[in-house]
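Since the structure comes first, as structure tokens, the remarks are kept for the end.
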Amino acid sequence: MTTSEQLFEKAKTLIPGGVNSPVRAFRAVGGHPLFIKSAKGPFLFDEDGNRYIELINSWGPMILGHAFEPVEEAVRDAIQHSFSFGAPTRKEVEMAELIVEMVPSVEKVRMVNSGTEATMAAIRVARGFTGRDKLIKFEGCYHGHGDSFLIAAGSGAITMGTPDSPGVTKATALDTLTAPFNDLFAVERLIDANANQIAAVILEPVVGNMGCVLPEPGFLQGLRDLCDRHDILLIFDEVMTGFRLAKGGAQEHFGIRPDLTTMGKIIGGGMPVGAYGGRREIMDMVSPAGPVYQAGTLSGNPIAMSAGLAMLRHLNEHPEVYTRLTEIGDKLVAGFRSSLASLGLNFTINHLGSMYTLFMTERPVSNFVDAKSSDLALFGRYFQAMLKRGVYLAPSQFESLFLSVALTDELVDEIIWANEESLKEVI
Ligand SMILES: *Cc1c(COP(=O)(O)O)cnc(C)c1O
């Protein structure tokens with residue numbers, strides 16, 4: 001048994017499923033998870049002494065590569081002044097100022113400790129602001145593990161949600177309506193069938209959580225128009241896309257302004273941080289400025305703020321990061337496409353900037369039903385074949401990969417080679 005296997009066996013006796021977040025258990029790809037010891041730049045090192053090229057990057061935060069010096073330095077500097085005060089600090093003001101500068105639609109922002117907290121608070125604020133209870137989400141979009149978001153895809157466009165997880169009450173599920181991604185007509189029907197009851201439409205503007213799925217031209221603008229027409233708040237969940245697709249996220253890339261934005265992942269530089277923000281009059285609903293309660297003992301934690309600030313400052317001051325990420329993504333995907341062509345395979349690759357997914361299906365993927373047509377057993381074998389060649393992918397077909405600027409052209413060539421050899425092996 002490898003050290004990872006031994007650790008996993010022990011972990012399973014102590015932690016549910018042996019992990020602190022389900023996808024890490026490798027259930028979707030078979031085998032056992034690798035226990036990670038350290039990481040630097042583009043590489044991950046496990047407890048068994050192996051080195052892997054990173055394509056998850058902590059699900060996003062390591063966009064500048066692991067243990068990026070300025071972030072490391074900021075944390076080292078911050079810990080000399082104690083770790084938490086439960087009182088306001090200068091860094092929280094600097095953080096808020098920087099987020100408002102970088103994210104186009106955000107005028108005021110509240111810091112929290114995870115993406116889940118951010119989305120839970122954002123819908124509470126939307127409900128408080130509009131005085132309405134229901135929300136519309138899209139099948140296959142993930143917004144953290146808050147009860148309101150764990151709702152299965154309804155089959156008909158006006159079907160009420162049913163809980164995806166035991167423990168979510170029927171009453172909660174009834175307030176969450178679901179539509180297929182990229183289906184404006186379905187959203188319109190939901191709005192008509194629930195006149196004056198919808199507080200918010202929430203989505204990942206580019207989806208990462210059913211694999212990478214892009215909004216079709218006109219979809220985001222169409223949602224913006226529908227929301228305006230019916231006094232519904234539009235919430236962009238930019239926990240993945242924020243500070244990644246552009247320094248101002250998907251809303252900058254597509255030029256669409258949501259009313260509220262949720263952020264996470266990159267914003268903490270690897271520390272547990274989330275945030276939600278938006279138009280001033282909406283955010284002023286939040287306690288103690290307004291009546292909508294939301295709080296956090298460790299929110300705005302000085303160590304976490306230091307890491308996040310160092311990360312965001314670097315991204316804000318180095319626009320070439322985004323040019324380079326796009327170059328890396330384009331090169332990688334071009335290489336994959338040419339391998340697919342030479343192997344006579346017609347699989348779908350969805351890609352934008354530093355996010356991509358290779359779907360094991362020939363069908364174009366623009367919603368969750370399309371994504372689910374992928375050959376999951378084949379993906380499992382492909383995942384293991386890539387791992388064997390030293391490339392660490394997200395252990396599920398239904399995830400986006402996240403590139404970092406630490407990837408050199410040589411490493412991108414190595415990934416392209418591994419991809420071609422892996423596909424040859426598993427087809
Ligand atoms: C990861 C993620 C979340 C949840 O964030 P956590 O920090 O894991 O709670 C919410 N929304 C999206 C789009 C995410 O990718």
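Counting starts at 1 for both ligands and their atoms, in listed order.
- More than 12 heavy atoms of other residues, nucleotides or ligands sit less than 6.0 Å from atom NZ of Lys12.
- Pocket lining of ligand 1, defined as residues with a non-hydrogen atom under 4.0 Å away: Ser114, Gly115, Thr116, Tyr142, His143, Gly144, Glu204, Asn209, Asp237, Val239, Met240, Lys265.
- With sequence neighbours left out, Ala121 forms a side chain to side chain contact (heavy atoms under 4.5 Å, CB included) with Tyr276, Gln294.
- Within the structure, salt bridge (charged side-chain N to carboxylate O under 4.0 Å, His left out) pairs that include any residue of residues 16-34 do not occur (at least two apart or interchain).
- With sequence neighbours excluded, the residues that form a side chain to side chain contact (heavy atoms under 4.5 Å, CB included) with Asp133 are Asp175.
- A tilted orientation is assigned to the rings of Tyr392 and Phe26, their planes being inclined by 30° to 60°.
- Formation of a donor-acceptor pair under 3.5 Å by the Thr172 side chain with backbone atoms of Val168 is not found in this model.
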